[in-house]
Amino acid sequence: MTDFKALRYYAPAAKSENPLQVDADLCIYGGTPAGIAAAVQASRMGLKAVIAEFGQHLGGLTASGLGRTDFGHKTSIGGIAREFYQALGRHYGSDDADGTAWYMEPHVAENIFGDMLEKAGVSVYLGQHLEKVEKRDGKIVQITMENGNVFRGGMFIDATYEGDLFARAGVSYHVGREANTVYKETWNGIQFGSPHHTFKAWVDPFVTEGKPDSGLLYGVSDAAPGIQGQGDRSIQAYNFRLCLTDVPDNRVAFPQPPGYDPSKFTLLSRYIRAGVWDVMRLHKPMPNGKTDLNNFGGVSTDHIGANHEWPEGDYATRERIFQEHVHYNLGMLYFLSNDESVPQAIREEVSRWGLPADEFPSTANWPHYLYVREGRRLVGDVVMNQNHCLRYQIAEDSIGLASYGMDSHNCRRIVLDGRCVNEGDVEIPVLGPYRISYRAIVPKGEECTNLLVPVCLSSSHIAYGSIRMEPVFMVLGQSAATAAALALADGRAVQDVDYAVLRQRLLQDGQSLDV
């Protein structure tokens with residue numbers, strides 16, 4: 001029987017009898033690709049940088065199943081990010097002219113990140129659950145972990161997917177979808193009418209079909225529809241990016257998850273019965289017989305609506321949500337492989353696949369990280385929005401480029417006219433790479449003067465859907481560390497860094513800043 005005990009987001013950390021006091025020039029909270037790129041850049045600029053990571057592994061989603069890199073325009077990715085993809089190219093023997101590779105196995109990504117940090121001489125502290133942030137005169141002085149460890153520094157970077165550091169530092173942020181009126185957008189807020197990832201057949205949402213008083217099926221909300229473009233607290237759905245394999249010698253059959261309840265998949269069963277089978281359509285090949293399975297269609301791996309408490313939830317709340325997503329994603333694969341209500345041809349198709357025995361050995365061959373597509377978002381002096389993505393507004397203080405389309409997964413699954421409807425999907429292309437403003441990664445000056453935020457940056461919901469790609473996070477992490485080093489050298493607040501000097505150094509280090 002598969003041991004799921006290690007497959008956890010959070011387990012309370014006991015106070016250490018001898019807590020550490022770690023002093024550095026730059027303290028980075030979050031071992032995501034952004035945090036790693038920041039640490040490497042800081043080291044190259046002569047700073048002592050340390051990483052404190054919540055979990056037990058480095059590399060965020062890049063090392064946790066998101067092997068089919070979402071890159072938009074490859075030419076917009078420079079600096080340390082490109083170095084990472086060139087290292088992948090050397091590992092796999094790339095045929096690309098510049099030696100890069102963009103599709104990877106999770107363990108390979110994690111190993112490359114580890115090698116980069118080791119070469120840079122960066123100390124990493126795993127299992128660090130942030131408890132409190134201490135500020136003095138508008139600056140963060142130290143951050144304290146649940147186990148009592150203290151990290152002190154002249155500069156701090158919040159490289160988490162949730163924005164936990166800046167939230168505890170009292171910095172302004174937003175959660176959810178802004179109304180279109182806030183930043184004069186058209187694709188923010190409540191969005192009906194997408195042709196993608198919606199129900200292609202009528203599916204009854206009630207426990208007993210045709211009887212509303214019987215209650216709603218698991219995964220369906222009774223929320224009011226709202227008005228197109230209206231703001232709310234919803235966020236786009238999470239899932240696990242699933243690394244699967246069909247290589248018999250490396251394949252582990254999908255195990256039955258703890259607390260498995262087949263009734264949770266009645267909605268999916270009805271959808272299949274209605275004639276639609278597309279759950280595994282976004283199942284893309286990667287090296288060595290592995291794949292990256294992502295959400296596709298009306299009912300798939302996205303656990304729509306189950307994540308709304310995550311961004312501001314305490315650690316216990318997040319642990320509950322994490323386990324719900326494990327049960328939902330793994331339970332779906334087990335259901336599709338084994339349940340007699342599923343047509344035999346589909347059971348056989350899904351059963352060809354399994355979890356790779358050589359990936360994630362410490363967590364039952366299951367990814368370490370939940371795909372937190374959206375958490376808190378900083379509110380700075382510049383808020384990146386749809387108009388920047390479409391180049392109607394141009395950032396004059398560019399620290400990197402984004403180029404992926406404005407992309408939001410569904411945020412809600414509700415009932416309209418007696419049927420299931422998904423709401424919130426947006427897939428709008430951009431015109432090409434566009435600039436990201438330096439002012440979008442720094443808080444307002446009156447709130448904190450020694451903090452940079454390259455992941456949960458200042459952005460509207462729909463613009464974040466374009467920016468939130470792992471290579472872009474690496475780019476912004478490098479730029480954030482460069483700015484931190486310049487601010488320390490000049491004794492300035494991060495808001496007062498001389499952009500001309502910052503730009504010169506970023507270009508010197510291979511960043512792409514202009515379109």
Side-chain angles (χ1 to χ4, degrees), residues 2 7 33 57 59-71 84-85 88-89 91-96 100-112 196-197 237-255 257 268 272 276-303 325-326 328-338 342 345-371 373 404 407 409 469-471:
T2 301
L7 185 51
H57 295 270
L61 264 294
T62 298
S64 197
L66 205 168
R68 295 278 298 196
T69 304
D70 297 314
F71 46 71
F84 170 78
Y85 295 105
L88 283 173
H91 177 85
Y92 288 116
S94 172
D95 294 327
D96 283 9
T100 54
W102 301 87
Y103 304 148
M104 76 210 81
E105 297 162 274
H107 77 273
V108 172
E110 186 170 3
N111 289 342
I112 290 174
H196 307 293
H197 309 302
Y238 299 170
N239 66 350
F240 286 92
R241 290 294 287 258
L242 298 175
C243 183
L244 307 182
T245 185
D246 63 352
V247 178
D249 290 344
N250 196 36
R251 182 183 62 211
V252 176
F254 299 124
L268 174 58
I272 294 172
V276 183
W277 165 238
D278 59 5
V279 170
M280 299 183 72
R281 186 165 163 187
L282 198 55
H283 192 199
K284 298 297 185 179
M286 295 194 306
N288 296 319
K290 295 173 187 172
T291 66
D292 175 353
L293 175 63
N294 196 10
N295 179 81
F296 187 92
V299 187
S300 185
T301 60
D302 276 0
H303 198 0
H325 281 73
V326 172
Y328 179 76
N329 277 187
L330 181 54
M332 175 181 290
L333 293 170
Y334 183 83
F335 175 83
L336 291 170
S337 302
N338 295 279
V342 177
I346 293 176
R347 277 182 278 156
E348 291 175 354
E349 176 186 340
V350 178
S351 294
R352 282 181 47 223
W353 300 95
L355 305 178
D358 62 347
E359 297 288 353
F360 315 119
S362 65
T363 51
N365 308 117
W366 191 260
H368 314 128
Y369 291 100
L370 181 63
Y371 193 178
R373 289 189 172 94
Y404 201 80
D407 175 65
H409 284 233
M469 304 302 153
E470 299 282 282

Is there a donor-acceptor pair closer than 3.5 Å between any side-chain N or O of [X] and the backbone N or O of [Y]?
| X | Y | value |
| --- | --- | --- |
| S94 | G89 | no |
| E470 | T62 | yes |
| S300 | V279 | yes |
| E359 | C243 | no |
| R251 | P356 | no |
| D70 | M469 | no |
| R373 | A237 | yes |
| H197 | G297 | yes |
| N365 | V252 | no |

What's the spacing between [X] [atom1] and [Y] [atom2] if we round to 0.5 Å?
| X | Y | atom1 | atom2 | answer |
| --- | --- | --- | --- | --- |
| D96 | L88 | CG | CG | 11.0 Å |
| D246 | E349 | CG | CD | 11.5 Å |
| H196 | H409 | NE2 | NE2 | 11.5 Å |
| L330 | L242 | CG | CG | 8.5 Å |

request  = Give the intermediate values and the outcome of side chain to side chain contact (heavy atoms under 4.5 Å, CB included) for residues I346 and I272.
outcome  = CA-CA 10 Å; I346 293 176; I272 294 172; 3.7 Å; yes

message = Can you tell me how the ring of W102 sits relative to the ring of Y85, calling it parallel under 30°, perpendicular over 60° and tilted otherwise?
response =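 Rings of W102 and Y85: parallel, as their planes differ by under 30°.
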
task = Could you tell me how the ring of W366 sits relative to the ring of F240: parallel (under 30°), tilted (30 to 60°) or perpendicular (over 60°)?
result =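 Judged by the thresholds at 30° and 60°, the geometry between W366 and F240 is perpendicular.
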
message = With salt bridge (Lys or Arg N to Asp or Glu O under 4.0 Å) as the rule and sequence neighbours excluded, what pairs involving residues 102-111 come up?
response =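 The answer is E105-K290.
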
Measuring only between side-chain heavy atoms, which start at C-beta, is [X] closer than 4.5 Å to [Y]?
| X | Y | result |
| --- | --- | --- |
| F296 | H283 | no |
| L244 | L355 | yes |
| L282 | L293 | no |
| L268 | L336 | yes |
| F360 | P106 | yes |
| L333 | T301 | no |
| F254 | V350 | yes |
| Y92 | M104 | yes |

Where [X] and [Y] come nearest, the two heavy atoms and their spacing:
| X | Y | answer |
| --- | --- | --- |
| R347 | V342 | NE-O, 2.9 Å |
| L66 | T69 | CD2-CA, 4.3 Å |
| Y334 | P257 | CB-CD, 4.3 Å |

Any chance the side chains of [X] and [Y] put a donor and an acceptor closer than 3.5 Å?
| X | Y | value |
| --- | --- | --- |
| H57 | T363 | no |
| N329 | N239 | no |
| D358 | N250 | yes |

Ring-face cation contact, Y371 with R241, 6.0 Å cut, 45° max =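 Not flagged: R241 not positioned over aromatic ring of Y371.
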
key: Presence of salt bridge, K284 and D292, under 4.0 angstrom   =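 Answer for the salt bridge query: no.
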
message = Ring centroids only, cut at 6.0 angstrom: are Y238 and H303 within range, meaning strictly under it?
response =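 Between Y238 and H303, the centre distance exceeds or equals 6.0 Å.
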
